[in-house]
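Data block below; observations after.
None of the values given here were measured: they were computed from a predicted structure. Reminder, nothing fancy here: chain letters follow the sequence lines and each chain counts from 1.
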Amino acid sequence: MFSAKDFSRKLQLLAMLFIGFYISWSGLYDEIATYWEDIVYLTQQHIFLVATSGLAAILIGVPVGIWLSRPAMERSAEAIMQVFNIGTTIPTLAVIALSMTILGIGFAPAFFGLFVASLLPIVRNTFTGLLAVPDHLLEAATGMGMTPLQILIHVELPNALYVILSGIRTALAINVGTAPLAFLIGGGGLGELIFTGIDLMETGMLLAGAIPTAMLAVTVDFLTGQGQFYFVSRGVNPLR
Amino acid sequence: MIQLEDLTKTFSTPNGPVVAADKVNMTVPTGEICVLLGPSGCGKTTALKMINRLIMPTSGRIYINGEDTTQLNKFELRRRIGYVIQQIGLFPNMTIEENICVVPKMLGWDAKKAKERAAELTDLVGLDPHQFLHRFPKELSGGQQQRIGVIRALAADPPVMLMDEPFGAIDPINREIIQNEFLKMQEVLKKTIIFVSHDIDEAVKMADKIAIFRGGKIEQYDSPSQVLAHPANPFVADFVGSDRTLKRLRLLTAVDVRDIDAPVASMQASVEEVLVSAKSHANRIVVLIDADRHPVAYVTADELSGATGVVSDFAHDLPTTVPVGADLRAVVSEMLSHDTMWITCVDERGHFAGVVTQPAVTAALGQKSSSVRDQATDARLANV
Ligand SMILES: Nc1ncnc2c1ncn2[C@@H]1O[C@H](COP(=O)(O)OP(=O)(O)OP(=O)(O)O)[C@@H](O)[C@H]1O
Ligand SMILES: [Mg+2]
């Protein structure tokens, strides 16, 4: 498993290297460099959008997942999860469009659309991860005199953490992948260079948007993967 | 001391109420092991879990050392009770040390003291603290995990332990070893223990008292030898099995039935002299010993009668010997496999330590309760 991931990461790096060679060889580099100011500004805007909506999704999604997994919610949780699952099947572009019809244009609908798109995997993984903690661990913990909060913090969350982080990783991948669409509803970001580049058939402009976007995606995936490696206890970590 | 008073639990299920415990009354004296025994679904686990309030009783009272537990905060109550379950339930995200320190930490021990305790307990069950404390549960064998499960429950030195089929998931050989280790620990620790089992052999081995359950009721509450010798009713008799007399063999050792005064003689003794002592004894044999009192051979009264000379001319090799600490099941098994009616016992140094005869074994099994019960306790300790 680890080596397969390792391999795909090496492949990614190799691909980037080739793109880099191609770009400098074809003289596109100078062309891209002319957009440098735009790149810096839009990347900041882009990262801000991804970071805030992603963070909000984590801050809301994890507690909602925890709440749904509590024994008191046993009856209604499945029904609510079904709604979430249906939500997952809606294409992210549609989510963005729908959020525009409600919130108009600008940062708010972009933020909200990305937030909703990344919320679902987080809630779902938190919920299923917590439910997958074996009953006998909960029984042992309860029998030892741990309070429900102590059980959640010291037993349930650490044992579900790998699955929860997988959910966050998926969510952020969706978020980063969808973020360029924010431009379409006035949310700014690197989508501005990409879509304008497409419209004007300007490869340099397009790449000026696409390359940072791709790099961001690889970086975010790498960082969440590292998080999974380091934050999940070795006792329950399939990566080590 | 644990006292259960009219303890009753009724579960309401879609198919109507299920009575899992029906006016259970029982007293477990301090320092004793009480085994709850019975067929599946008879309410053993329910009775056990009501004591640490994992299950709320429908009615009735539970006293631990005279204190009514329904008055206590349930979290504090549980921290004062060691709890071991069949699935062990070590937390896989924590190291062995962290697992052991869970309850001490909750009780506010300082970290250093808790860690020292963890090392001490790990050592007590024969695992090297340096090697094991920083491992994770997945890096231990099943038997090692089970040992950690037990010492985790002992970590804060609770006076009372509840164990629900604690050795149920281990293979028979390791189970035997862990049971012995546990009994040895219990000899020192003297915890008051309620232990659920569905294995009569385990119950006989571990218990000071056995409570036999059926349909939420106690059918008999007695010492193992009493339960085996005098089952209270046909259900108990059936449950303990038609070989219950044989099972009682494990409760006694050679020490309990050996004839320490059985005659011995040296190899060089004269036939006439030895014949007198051989005839004086019911078994009509004399064991021959060397200068160091090691048994080496035997002679029979029948072969000596009318003869003269030294006994060594009439000596036969001893078929086998048994240690005096061996339980009677092992002794009888030796007798059967060597096709003999009697067997020589030796002590730890190999010195002659008496003779066990089949009539003596039979007599001990037929004996009335009280003395057998006392012997049984001795036997169990000697076994460990
Ligand atoms: N939570 C529950 N709800 C309804 N019925 C229950 C519940 N727990 C136990 N019971 C019923 O109570 C009875 C006693 O169950 P218990 O678990 O105490 O049996 P047990 O003697 O421990 O059996 P086993 O040897 O199989 O573990 C059974 O008939 C069981 O079906
Ligand atoms: Mg049970």
Side-chain angles (χ1 to χ4, degrees), chain A residues 1-2 62 65-66 69-72 74-75 78 125-168 227-240, chain B residues 45 48-55 72-107 134-140 145 148-149 152-156 158 160-166 168-169:
Chain A
M1 186 176 193
F2 182 69
V62 173
I66 293 173
S69 72
R70 295 307 86 189
E74 206 178 335
R75 285 168 193 282
E78 274 308 328
N125 276 38
T126 305
F127 175 73
T128 52
L130 288 171
L131 283 199
V133 175
D135 280 343
H136 66 257
L137 292 186
L138 306 183
E139 192 197 321
T142 313
M144 291 166 81
M146 293 171 107
T147 62
L149 185 64
Q150 287 172 326
I151 295 176
L152 177 67
I153 293 172
H154 297 296
V155 180
E156 293 183 273
L157 286 176
N159 280 294
L161 191 58
Y162 187 80
V163 179
I164 296 175
L165 289 179
S166 299
I168 291 176
Q228 257 179 323
F229 187 83
Y230 287 109
F231 293 140
V232 178
S233 157
R234 192 159 62 78
V236 288
N237 196 331
L239 296 181
R240 46 184 184 147
Chain B
T45 299
L48 189 83
K49 284 187 179 175
M50 282 193 280
I51 297 169
N52 62 2
R53 280 206 271 155
L54 287 178
I55 294 177
L72 298 169
N73 171 301
K74 66 181 175 191
F75 301 115
E76 281 164 23
L77 172 74
R78 290 171 189 156
R79 289 169 197 174
R80 285 169 26 188
I81 298 177
Y83 186 49
V84 187
I85 56 175
Q86 179 174 355
Q87 304 88 336
I88 311 174
L90 295 183
F91 304 127
N93 56 304
M94 300 183 191
T95 61
I96 299 308
E97 184 173 62
E98 288 165 341
N99 265 286
I100 299 173
C101 293
V102 166
V103 177
K105 246 190 200 160
M106 285 193 290
L107 292 175
H134 298 289
R135 288 201 193 172
F136 285 92
K138 69 173 179 189
E139 296 163 334
L140 265 58
Q145 290 185 24
I148 301 298
R152 181 176 68 169
L154 284 168
V160 168
M161 300 257 287
L162 304 177
M163 309 176 83
D164 195 347
E165 305 199 24

Gap separating the CE atom of A:Met144 from the CE atom of B:Met106, nearest 0.5 angstrom:
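Going from the CE atom of A:Met144 to the CE atom of B:Met106 covers 6.0 Å.
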I need the minimum non-hydrogen distance between [X] and [Y], along with the two atoms involved.
{"X": "B:Pro92", "Y": "A:Ser233", "result": "O-OG, 4.5 Å"}
{"X": "A:His136", "Y": "B:Ile85", "result": "O-CD1, 3.5 Å"}
{"X": "B:Arg78", "Y": "A:Thr142", "result": "CD-O, 3.0 Å"}
{"X": "A:Pro158", "Y": "B:Asn93", "result": "CB-ND2, 3.1 Å"}
{"X": "B:Gly89", "Y": "A:Ala140", "result": "O-CB, 3.7 Å"}

Using heavy-atom distances under 4.5 Å, tell me whether [X] contacts chain A through its side chain, its backbone, both, or neither.
{"X": "B:Arg152", "value": "side chain"}
{"X": "B:Leu77", "value": "neither"}
{"X": "B:Tyr83", "value": "side chain"}
{"X": "B:Glu98", "value": "neither"}
{"X": "B:Pro137", "value": "neither"}

Taking the side chain as everything from C-beta on, heavy atoms only, tell me whether B:Lys49 gets closer than 4.5 Å to A:Glu139.
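Answer yes - side chains close enough.
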Please check this pair: side chain of B:Lys138 against backbone of A:Arg234, looking for a donor-acceptor N/O pair closer than 3.5 Å.
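Looks like yes, one N/O pair under 3.5 Å.
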Can any side-chain N or O of A:Asn159 pair as donor or acceptor with the backbone N or O of B:Phe91 at less than 3.5 Å?
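A pair under 3.5 Å: no.
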[atom1]/[X]: more than 12 non-hydrogen atoms of other groups inside 6.0 Å:
{"X": "B:Asn73", "atom1": "CG", "result": "yes"}
{"X": "A:Arg75", "atom1": "CZ", "result": "no"}
{"X": "B:Glu139", "atom1": "CD", "result": "yes"}

